[in-house]
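Since the structure comes first, as C-alpha coordinates, the remarks are kept for the end.
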Amino acid sequence: MQGLPIPPSSTPRRVLLPFEDRPALSFATNDYLGLARDPRVIAAAQDATAKLGWGSTGSRLLSGDRQVFHDLEGALAQWKYKDMALLFGSGYALNLGVLSTFWGQGDVIFADRLCHASMVDGIRLSGAKLIRFAHQDLGHLRGLLAKHRKGYRKAVIVTESVFSMDGDCTDVGGLVALKQEFETDLMVDEAHALGVFGPHGEGLIGADLAPKVDYIVGTLGKALGGMGGFVACSAEARETLIQGARSLIYSTALPPAIAAAGLAALAIVKTEQRGATVLAKAQYLRDRLTVGCPGAVLGESHIIPVVLGAQVGEVSARLREAGIDCPAIRHPTVPKGQERLRLSVTWYHSQADLDRLALEIHTDFELH
Ligand SMILES: Cc1ncc(COP(=O)(O)O)c(C=O)c1O
(Lines give C-alpha, C1' and ligand atoms only; values in the text may rest on other atoms or scores of the structure.)
Protein backbone atom coordinates (compact mmCIF):
# COMPACT_ATOMS: atom_id res chain seq x y z
CA MET A 1 0.00 0.00 0.00
CA GLN A 2 3.02 2.30 0.50
CA GLY A 3 3.23 5.18 -1.92
CA LEU A 4 -0.47 5.12 -2.78
CA PRO A 5 -2.01 8.59 -2.45
CA ILE A 6 -4.47 8.89 0.41
CA PRO A 7 -7.69 10.47 -0.87
CA PRO A 8 -8.51 13.79 0.79
CA SER A 9 -11.26 13.34 3.34
CA SER A 10 -13.30 15.69 5.46
CA THR A 11 -13.51 13.11 8.25
CA PRO A 12 -10.48 12.13 10.36
CA ARG A 13 -8.75 8.93 9.30
CA ARG A 14 -9.42 5.92 11.50
CA VAL A 15 -6.43 4.03 12.88
CA LEU A 16 -5.92 0.47 14.05
CA LEU A 17 -4.32 0.08 17.48
CA PRO A 18 -2.92 -3.39 18.21
CA PHE A 19 -3.64 -4.60 21.74
CA GLU A 20 0.08 -4.82 22.51
CA ASP A 21 0.52 -1.10 21.80
CA ARG A 22 -2.18 -0.03 24.19
CA PRO A 23 -1.34 1.42 27.59
CA ALA A 24 -1.67 -0.92 30.56
CA LEU A 25 -4.65 0.88 32.04
CA SER A 26 -7.48 0.69 29.53
CA PHE A 27 -10.96 2.15 29.67
CA ALA A 28 -11.56 1.21 26.05
CA THR A 29 -12.67 -2.39 26.22
CA ASN A 30 -16.11 -3.96 25.89
CA ASP A 31 -14.90 -6.91 27.96
CA TYR A 32 -16.93 -5.52 30.84
CA LEU A 33 -16.68 -8.59 33.09
CA GLY A 34 -13.13 -9.69 32.34
CA LEU A 35 -14.29 -12.91 30.67
CA ALA A 36 -12.14 -12.63 27.53
CA ARG A 37 -9.19 -13.83 29.62
CA ASP A 38 -10.99 -16.02 32.13
CA PRO A 39 -9.19 -19.41 32.39
CA ARG A 40 -12.50 -21.31 32.51
CA VAL A 41 -13.67 -19.72 29.28
CA ILE A 42 -10.31 -20.32 27.60
CA ALA A 43 -10.32 -23.96 28.76
CA ALA A 44 -13.80 -24.48 27.31
CA ALA A 45 -12.62 -23.14 23.95
CA GLN A 46 -9.52 -25.35 24.04
CA ASP A 47 -11.47 -28.50 24.91
CA ALA A 48 -14.01 -27.87 22.17
CA THR A 49 -11.27 -27.22 19.63
CA ALA A 50 -9.53 -30.47 20.58
CA LYS A 51 -12.77 -32.45 20.27
CA LEU A 52 -14.53 -30.71 17.38
CA GLY A 53 -11.73 -29.08 15.40
CA TRP A 54 -11.24 -25.36 14.87
CA GLY A 55 -13.40 -24.38 11.91
CA SER A 56 -17.06 -25.21 11.41
CA THR A 57 -16.40 -25.84 7.69
CA GLY A 58 -19.57 -24.29 6.31
CA SER A 59 -22.87 -22.52 6.80
CA ARG A 60 -25.08 -24.02 9.50
CA LEU A 61 -27.52 -25.04 6.78
CA LEU A 62 -24.83 -27.17 5.12
CA SER A 63 -21.88 -28.73 6.94
CA GLY A 64 -21.47 -26.15 9.73
CA ASP A 65 -24.07 -27.07 12.34
CA ARG A 66 -22.97 -28.54 15.70
CA GLN A 67 -24.80 -29.60 18.86
CA VAL A 68 -22.91 -26.96 20.85
CA PHE A 69 -24.66 -24.19 18.87
CA HIS A 70 -28.03 -25.63 19.87
CA ASP A 71 -26.89 -25.95 23.49
CA LEU A 72 -25.85 -22.30 23.52
CA GLU A 73 -29.08 -21.21 21.87
CA GLY A 74 -31.08 -23.09 24.50
CA ALA A 75 -29.13 -21.41 27.30
CA LEU A 76 -29.48 -17.96 25.73
CA ALA A 77 -33.24 -18.37 25.22
CA GLN A 78 -33.71 -19.40 28.84
CA TRP A 79 -31.53 -16.51 30.05
CA LYS A 80 -33.59 -14.04 28.02
CA TYR A 81 -36.97 -15.56 29.04
CA LYS A 82 -37.90 -16.35 25.42
CA ASP A 83 -38.91 -19.60 23.69
CA MET A 84 -35.97 -19.82 21.31
CA ALA A 85 -32.71 -18.19 20.29
CA LEU A 86 -30.70 -18.21 17.07
CA LEU A 87 -26.98 -17.59 16.79
CA PHE A 88 -25.33 -15.52 14.06
CA GLY A 89 -21.65 -14.89 13.28
CA SER A 90 -21.72 -11.45 14.93
CA GLY A 91 -24.09 -8.86 16.30
CA TYR A 92 -23.62 -6.92 13.09
CA ALA A 93 -24.65 -9.88 10.91
CA LEU A 94 -27.54 -10.54 13.24
CA ASN A 95 -29.02 -7.04 13.03
CA LEU A 96 -28.67 -7.13 9.25
CA GLY A 97 -30.37 -10.52 9.09
CA VAL A 98 -33.25 -9.86 11.49
CA LEU A 99 -34.21 -6.44 10.16
CA SER A 100 -34.05 -7.42 6.50
CA THR A 101 -35.96 -10.66 7.02
CA PHE A 102 -39.00 -9.41 8.90
CA TRP A 103 -39.57 -6.01 7.30
CA GLY A 104 -39.47 -4.75 3.73
CA GLN A 105 -41.11 -2.42 1.26
CA GLY A 106 -44.49 -1.20 2.46
CA ASP A 107 -43.42 -1.52 6.12
CA VAL A 108 -42.16 1.14 8.49
CA ILE A 109 -39.40 1.07 11.09
CA PHE A 110 -39.35 3.62 13.91
CA ALA A 111 -35.77 3.78 15.23
CA ASP A 112 -34.14 5.81 17.97
CA ARG A 113 -31.91 8.41 16.34
CA LEU A 114 -28.81 7.00 18.08
CA CYS A 115 -29.31 3.34 17.15
CA HIS A 116 -26.11 1.46 16.32
CA ALA A 117 -24.83 1.40 12.73
CA SER A 118 -25.61 -2.32 12.42
CA MET A 119 -29.30 -1.58 12.96
CA VAL A 120 -29.25 1.36 10.57
CA ASP A 121 -27.61 -0.82 7.91
CA GLY A 122 -30.14 -3.60 8.51
CA ILE A 123 -32.99 -1.13 8.09
CA ARG A 124 -31.51 0.21 4.85
CA LEU A 125 -31.10 -3.32 3.55
CA SER A 126 -34.71 -4.15 4.42
CA GLY A 127 -36.14 -1.50 2.09
CA ALA A 128 -38.68 -0.47 4.74
CA LYS A 129 -39.38 3.20 5.42
CA LEU A 130 -37.13 4.49 8.22
CA ILE A 131 -38.56 7.07 10.60
CA ARG A 132 -36.20 8.21 13.36
CA PHE A 133 -37.36 9.52 16.71
CA ALA A 134 -35.36 11.83 18.97
CA HIS A 135 -33.11 9.92 21.32
CA GLN A 136 -35.10 8.36 24.19
CA ASP A 137 -38.00 10.73 23.49
CA LEU A 138 -41.13 8.60 23.79
CA GLY A 139 -43.35 11.67 23.37
CA HIS A 140 -41.78 12.31 19.98
CA LEU A 141 -42.14 8.63 19.05
CA ARG A 142 -45.81 8.67 20.07
CA GLY A 143 -46.46 11.64 17.77
CA LEU A 144 -44.73 9.90 14.87
CA LEU A 145 -46.64 6.66 15.46
CA ALA A 146 -49.94 8.54 15.56
CA LYS A 147 -49.09 10.31 12.30
CA HIS A 148 -47.50 7.52 10.24
CA ARG A 149 -48.39 4.07 11.59
CA LYS A 150 -51.65 3.70 9.64
CA GLY A 151 -50.01 4.27 6.26
CA TYR A 152 -47.96 1.07 6.44
CA ARG A 153 -48.51 -2.65 6.55
CA LYS A 154 -46.17 -3.88 9.30
CA ALA A 155 -44.34 -1.67 11.78
CA VAL A 156 -41.61 -2.12 14.36
CA ILE A 157 -39.97 0.07 16.99
CA VAL A 158 -36.21 -0.47 17.15
CA THR A 159 -33.88 0.64 19.94
CA GLU A 160 -31.04 -0.31 22.29
CA SER A 161 -31.53 -0.94 26.00
CA VAL A 162 -28.20 0.62 27.02
CA PHE A 163 -26.86 2.96 24.36
CA SER A 164 -23.33 2.24 23.26
CA MET A 165 -22.09 5.82 23.00
CA ASP A 166 -24.28 7.48 25.64
CA GLY A 167 -24.46 4.80 28.31
CA ASP A 168 -28.06 5.69 29.11
CA CYS A 169 -30.88 3.23 29.80
CA THR A 170 -34.10 2.91 27.82
CA ASP A 171 -37.62 2.87 29.25
CA VAL A 172 -38.51 -0.50 27.71
CA GLY A 173 -41.83 -0.59 29.62
CA GLY A 174 -42.82 2.70 27.99
CA LEU A 175 -42.00 1.27 24.56
CA VAL A 176 -44.07 -1.84 25.26
CA ALA A 177 -47.08 0.40 26.02
CA LEU A 178 -46.60 2.24 22.70
CA LYS A 179 -46.10 -0.98 20.78
CA GLN A 180 -49.39 -2.31 22.15
CA GLU A 181 -51.30 0.91 21.49
CA PHE A 182 -50.12 1.24 17.88
CA GLU A 183 -49.89 -2.47 17.03
CA THR A 184 -46.22 -2.62 16.15
CA ASP A 185 -43.49 -5.08 16.94
CA LEU A 186 -40.64 -4.17 19.29
CA MET A 187 -36.98 -5.07 18.76
CA VAL A 188 -34.42 -4.18 21.45
CA ASP A 189 -30.65 -4.56 21.19
CA GLU A 190 -29.24 -5.51 24.59
CA ALA A 191 -25.61 -5.58 23.40
CA HIS A 192 -24.28 -3.35 26.19
CA ALA A 193 -26.70 -4.33 28.95
CA LEU A 194 -26.01 -8.07 28.89
CA GLY A 195 -23.87 -9.31 31.74
CA VAL A 196 -24.06 -5.99 33.56
CA PHE A 197 -27.76 -5.42 34.35
CA GLY A 198 -30.27 -7.85 35.85
CA PRO A 199 -29.98 -10.29 38.78
CA HIS A 200 -28.59 -12.97 36.45
CA GLY A 201 -26.82 -10.56 34.12
CA GLU A 202 -29.67 -10.98 31.66
CA GLY A 203 -29.79 -7.30 30.76
CA LEU A 204 -32.41 -4.61 31.22
CA ILE A 205 -35.23 -6.78 29.92
CA GLY A 206 -36.18 -9.17 32.70
CA ALA A 207 -38.84 -11.86 33.09
CA ASP A 208 -41.71 -9.33 33.28
CA LEU A 209 -40.96 -7.52 30.01
CA ALA A 210 -39.34 -10.23 27.88
CA PRO A 211 -42.62 -11.84 26.72
CA LYS A 212 -43.76 -8.42 25.47
CA VAL A 213 -40.63 -7.70 23.41
CA ASP A 214 -40.79 -9.56 20.10
CA TYR A 215 -37.10 -9.62 19.27
CA ILE A 216 -34.40 -9.30 21.92
CA VAL A 217 -30.99 -9.18 20.28
CA GLY A 218 -27.50 -9.25 21.71
CA THR A 219 -23.88 -10.05 21.11
CA LEU A 220 -21.40 -12.34 22.83
CA GLY A 221 -18.67 -9.92 21.80
CA LYS A 222 -18.96 -7.59 24.78
CA ALA A 223 -19.57 -8.66 28.40
CA LEU A 224 -19.43 -12.35 27.40
CA GLY A 225 -15.89 -11.78 26.16
CA GLY A 226 -16.14 -13.74 22.91
CA MET A 227 -18.01 -13.23 19.68
CA GLY A 228 -21.29 -14.04 17.95
CA GLY A 229 -24.71 -12.39 17.82
CA PHE A 230 -28.04 -13.86 18.88
CA VAL A 231 -31.73 -13.14 18.74
CA ALA A 232 -34.13 -14.44 21.37
CA CYS A 233 -37.62 -14.76 19.91
CA SER A 234 -40.52 -17.14 19.23
CA ALA A 235 -40.07 -20.56 17.60
CA GLU A 236 -41.90 -19.31 14.53
CA ALA A 237 -39.63 -16.27 14.16
CA ARG A 238 -36.57 -18.47 14.53
CA GLU A 239 -37.78 -20.71 11.73
CA THR A 240 -38.46 -17.70 9.49
CA LEU A 241 -34.89 -16.50 10.05
CA ILE A 242 -33.41 -19.90 9.22
CA GLN A 243 -35.31 -19.81 5.94
CA GLY A 244 -34.70 -16.15 5.10
CA ALA A 245 -31.82 -14.41 6.88
CA ARG A 246 -29.11 -14.11 4.25
CA SER A 247 -26.37 -13.12 6.73
CA LEU A 248 -27.00 -16.48 8.43
CA ILE A 249 -27.58 -18.69 5.40
CA TYR A 250 -24.70 -17.44 3.25
CA SER A 251 -22.00 -17.25 5.91
CA THR A 252 -19.71 -19.80 7.57
CA ALA A 253 -20.88 -20.78 11.05
CA LEU A 254 -18.76 -19.71 14.02
CA PRO A 255 -16.04 -22.10 15.15
CA PRO A 256 -17.61 -24.51 17.67
CA ALA A 257 -15.05 -23.40 20.28
CA ILE A 258 -16.61 -19.94 20.23
CA ALA A 259 -19.97 -21.41 21.20
CA ALA A 260 -18.40 -23.61 23.89
CA ALA A 261 -16.63 -20.56 25.32
CA GLY A 262 -19.92 -18.65 25.14
CA LEU A 263 -21.62 -21.35 27.22
CA ALA A 264 -18.83 -21.20 29.82
CA ALA A 265 -18.98 -17.40 29.94
CA LEU A 266 -22.76 -17.45 30.28
CA ALA A 267 -22.55 -19.83 33.25
CA ILE A 268 -20.16 -17.42 34.99
CA VAL A 269 -22.35 -14.41 34.22
CA LYS A 270 -25.41 -16.12 35.66
CA THR A 271 -23.78 -17.30 38.87
CA GLU A 272 -21.19 -14.67 39.83
CA GLN A 273 -23.21 -11.47 39.42
CA ARG A 274 -20.23 -9.34 38.51
CA GLY A 275 -22.47 -6.72 36.92
CA ALA A 276 -23.51 -5.15 40.23
CA THR A 277 -19.84 -4.59 41.12
CA VAL A 278 -19.18 -3.01 37.73
CA LEU A 279 -22.12 -0.62 38.13
CA ALA A 280 -21.00 0.40 41.63
CA LYS A 281 -17.50 1.13 40.33
CA ALA A 282 -18.92 3.15 37.44
CA GLN A 283 -20.97 5.27 39.83
CA TYR A 284 -17.85 5.88 41.91
CA LEU A 285 -15.93 7.06 38.85
CA ARG A 286 -18.82 9.16 37.58
CA ASP A 287 -19.04 10.96 40.93
CA ARG A 288 -15.29 11.60 40.92
CA LEU A 289 -15.34 12.94 37.35
CA THR A 290 -18.41 15.13 37.59
CA VAL A 291 -16.94 17.62 40.08
CA GLY A 292 -14.95 20.26 38.17
CA CYS A 293 -15.32 18.67 34.75
CA PRO A 294 -15.67 21.24 31.93
CA GLY A 295 -17.74 18.82 29.82
CA ALA A 296 -20.88 16.85 30.54
CA VAL A 297 -20.35 13.48 32.24
CA LEU A 298 -23.16 11.31 30.92
CA GLY A 299 -24.61 7.85 31.27
CA GLU A 300 -26.28 5.76 33.93
CA SER A 301 -24.40 2.55 33.34
CA HIS A 302 -20.85 1.23 33.12
CA ILE A 303 -20.36 3.37 29.97
CA ILE A 304 -19.35 6.90 30.92
CA PRO A 305 -19.16 9.45 28.11
CA VAL A 306 -17.28 12.67 28.90
CA VAL A 307 -18.39 15.15 26.24
CA LEU A 308 -15.52 17.51 25.40
CA GLY A 309 -16.22 18.60 21.81
CA ALA A 310 -13.44 19.04 19.27
CA GLN A 311 -10.61 18.93 21.85
CA VAL A 312 -11.34 15.29 22.66
CA GLY A 313 -8.57 13.91 20.42
CA GLU A 314 -5.91 15.95 22.21
CA VAL A 315 -7.14 14.95 25.66
CA SER A 316 -7.22 11.28 24.61
CA ALA A 317 -3.65 11.55 23.22
CA ARG A 318 -2.35 13.15 26.42
CA LEU A 319 -3.99 10.45 28.55
CA ARG A 320 -2.35 7.88 26.34
CA GLU A 321 1.03 9.47 26.99
CA ALA A 322 0.23 9.18 30.69
CA GLY A 323 -0.37 5.44 30.17
CA ILE A 324 -4.16 5.44 30.10
CA ASP A 325 -6.27 4.31 27.15
CA CYS A 326 -9.48 6.36 26.82
CA PRO A 327 -10.78 6.29 23.26
CA ALA A 328 -11.89 9.49 21.60
CA ILE A 329 -15.24 9.12 19.84
CA ARG A 330 -15.41 11.63 17.04
CA HIS A 331 -17.83 12.85 14.42
CA PRO A 332 -19.46 11.13 12.48
CA THR A 333 -19.88 8.40 15.12
CA VAL A 334 -21.39 11.15 17.32
CA PRO A 335 -22.82 14.53 16.18
CA LYS A 336 -20.45 17.52 15.80
CA GLY A 337 -19.85 19.22 19.15
CA GLN A 338 -20.68 15.95 20.96
CA GLU A 339 -17.22 14.40 20.55
CA ARG A 340 -16.37 12.52 23.71
CA LEU A 341 -14.17 10.22 25.67
CA ARG A 342 -16.05 6.94 26.02
CA LEU A 343 -14.94 5.30 29.25
CA SER A 344 -16.02 1.77 30.01
CA VAL A 345 -15.64 0.61 33.58
CA THR A 346 -15.01 -3.09 34.02
CA TRP A 347 -14.95 -5.75 36.67
CA TYR A 348 -11.14 -5.74 36.85
CA HIS A 349 -10.62 -2.01 37.43
CA SER A 350 -9.46 -1.37 40.98
CA GLN A 351 -10.40 1.69 43.00
CA ALA A 352 -6.80 2.87 42.52
CA ASP A 353 -7.29 2.61 38.72
CA LEU A 354 -10.44 4.72 38.89
CA ASP A 355 -8.75 7.30 41.15
CA ARG A 356 -5.77 7.46 38.81
CA LEU A 357 -7.97 8.11 35.78
CA ALA A 358 -9.98 10.79 37.59
CA LEU A 359 -6.80 12.50 38.75
CA GLU A 360 -5.23 12.43 35.26
CA ILE A 361 -8.36 13.84 33.64
CA HIS A 362 -8.71 16.61 36.22
CA THR A 363 -5.01 17.47 35.96
CA ASP A 364 -5.38 17.64 32.18
CA PHE A 365 -8.29 20.06 32.50
CA GLU A 366 -6.34 22.26 34.89
CA LEU A 367 -3.28 22.43 32.64
CA HIS A 368 -4.98 22.93 29.25
C1 LIG B 1 -25.62 -1.82 20.05
C2 LIG B 1 -24.75 -2.73 19.25
N3 LIG B 1 -25.33 -3.66 18.47
C4 LIG B 1 -24.60 -4.51 17.74
C5 LIG B 1 -23.22 -4.44 17.73
C6 LIG B 1 -22.45 -5.37 16.86
O7 LIG B 1 -22.06 -6.48 17.60
P8 LIG B 1 -20.80 -7.35 17.12
O9 LIG B 1 -19.60 -6.63 17.60
O10 LIG B 1 -21.01 -8.67 17.75
O11 LIG B 1 -20.84 -7.42 15.63
C12 LIG B 1 -22.57 -3.51 18.53
C13 LIG B 1 -21.09 -3.47 18.57
O14 LIG B 1 -20.44 -2.51 18.37
C15 LIG B 1 -23.35 -2.61 19.30
O16 LIG B 1 -22.78 -1.67 20.05
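Remember, it's 1-based here, ligands and their atoms both numbered in the order they're listed.
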Report task. Apply salt bridge (Lys or Arg N to Asp or Glu O under 4.0 Å) to Arg66 and list each qualifying residue two or more places apart in sequence or on a separate chain. Result -> none
Report summary line: Pocket residues around ligand 1 (non-hydrogen, under 4.0 Å) come out as Ser90, Gly91, Tyr92, Asn95, His116, Ser118, Glu160, Ser164, Asp189, Ala191, His192, Thr219, Lys222
Side-chain donor-acceptor pairs of residues 42-51 under 3.5 Å, sequence neighbours excluded:
{"from": "Thr49", "atom 1": "OG1", "to": "Ala45", "atom 2": "O", "distance (Å)": "2.7"}

Requested in this report: Inspect the contact between Arg286 and Glu300 and indicate whether a charged nitrogen and a carboxylate oxygen are less than 4.0 angstrom apart.
Outcome: no
**Report entry** Distance-only side-chain donor-acceptor flag, Asn95 / Asp121, under 3.5 Å
**Finding:** no
Using atom types as modelled, flag every donor-acceptor pair under 3.5 Å from a side chain in residues 191-202 to any protein atom, sequence neighbours excluded.
{"from": "His192", "atom 1": "ND1", "to": "Tyr32", "atom 2": "OH", "distance (Å)": "2.7"}
{"from": "Glu202", "atom 1": "OE1", "to": "His200", "atom 2": "N", "distance (Å)": "2.7"}
{"from": "Glu202", "atom 1": "OE2", "to": "Tyr81", "atom 2": "OH", "distance (Å)": "2.9"}

Query raised in the report: Do Glu73 and Arg60 meet the salt-bridge criterion of a basic N to acidic O distance under 4.0 Å?
Result: yes
